[in-house]
2 protein chains.
Amino acid sequence: MSNKRYTCHMEPHEPDLADIPVTTVLAALADDVRLQIVRALVEDGEAACGTFDFGVSKATRSHHLKVLREAGLTRTRAAGTSRLVRLRRDEVDRLYPGLLDAVLGARSSA
Amino acid sequence: MSNKRYTCHMEPHEPDLADIPVTTVLAALADDVRLQIVRALVEDGEAACGTFDFGVSKATRSHHLKVLREAGLTRTRAAGTSRLVRLRRDEVDRLYPGLLDAVLGARSSA
DNA sequence: TCCAATGTTCGAGTATCGTCGAACCATCGA
DNA sequence: TCGATGGTTCGACGATACTCGAACATTGGA
């Protein structure tokens, strides 16, 4: 592995979804905050990190966005001082057809 | 809550899937051993607990079956000295259409 | 050049999870 | 009645996960 520090605004690590174990993808979706982020992304298309305010600190929010990104679910690009996040919907749908719809359309409680 | 001990072969707790948070269902599926169990259930229909031998102790196996059951994904019935487990496929498919297909059909690595 | 705004990283605390051996319970057959 | 078989529960352990405040990095504007 590289011993180069992963400094702040480097190109974030965005793996190919096909290289991610299914369990990792499911685990990434198995959290309330992250699910709210995903819902917001479906709704708004692309959004700056700061727009996701779900009652957690910005450190925690950053952590959740990292989990989603490293699970191959989102992509991030820099835009000024912000970073814009968007869902990799097409890739997810191709690899796991129906998954997002099933999860997001869930009319179960909570 | 009841203070009655949940002794061994009582009727197991099998909640209505609609009462389970999505995150709980996803978390239940986000484990390799449990996913193997689900795959085996899809394959074999109904199977005794003991038939799931995925390199874990029987205590661990029992734990995983409990997680699946309490997530509303499986149903268990006693049969002699064994307990037969089966997937609640129809209910899962009705509440999360496409979820199981997407997860099980995953042609991603691992 | 300095400051404010936006995120990320670090370190630490707490909680939850996966795992096991040991002890236990329930059922069936000898 | 006793033992063997099949599962469950308990208690403990180590590993992960979620959370936060604090410190840092990057960008853009005053």
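Sequence lines set the chain letters: A, B, ... in the order given, protein chains first and strands last, and positions in each chain run from 1.
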Flag yes if A/Val67 and A/Leu100 sit in one hydrophobic cluster, no otherwise; membership is Ile, Leu, Val, Met, Phe, Trp, Tyr, and two members link when side-chain heavy atoms are under 4.5 Å apart.
no

Can you tell me the distance, in whole Å, between the NZ atom of B/Lys66 and the P atom of C/dC17?
11 Å

One thing to verify: whether A/Glu46 and A/Arg75 come together as a salt bridge, which I'm taking to mean a side-chain N less than 4.0 angstrom from a carboxylate O.
no

Donor-acceptor pair, side chain of B/Arg89 and main chain of B/Val42, under 3.5 angstrom:
no

Do the charged groups of A/Glu14 and A/Arg77 touch, with an N to O distance under 4.0 Å?
no

In whole Å, I'd like the distance from the CZ atom of B/Phe52 to the P atom of D/dG7.
9 Å

Which value, rounded to the nearest 0.5 Å, describes the distance between A/Asp19 atom CG and A/Thr24 atom OG1?
11.0 Å

Give a yes/no answer on whether the side chain of A/Arg83 brings an N or O atom under 4.0 Å of OP1 or OP2 in C/dT6.
no

Taking only side-chain N and O atoms of A/Ser82, does any of them lie within less than 4.0 angstrom of OP1 or OP2 on C/dG7?
yes

Here the pair of heavy atoms bringing B/Phe52 nearest to B/Leu41 is CZ-CD2, 3.6 Å

Could you give the CZ-to-P distance, from B/Phe54 to C/dG18, as a whole number of Å?
16 Å

Any side-chain N or O of A/Thr81 less than 4.0 Å from the OP1 or OP2 oxygen of D/dT27?
no

Please encode protein proximity along nucleotides 16-22 of chain D as a string of B, S and -, counting only heavy-atom distances under 4.0 Å.
--SBBB-

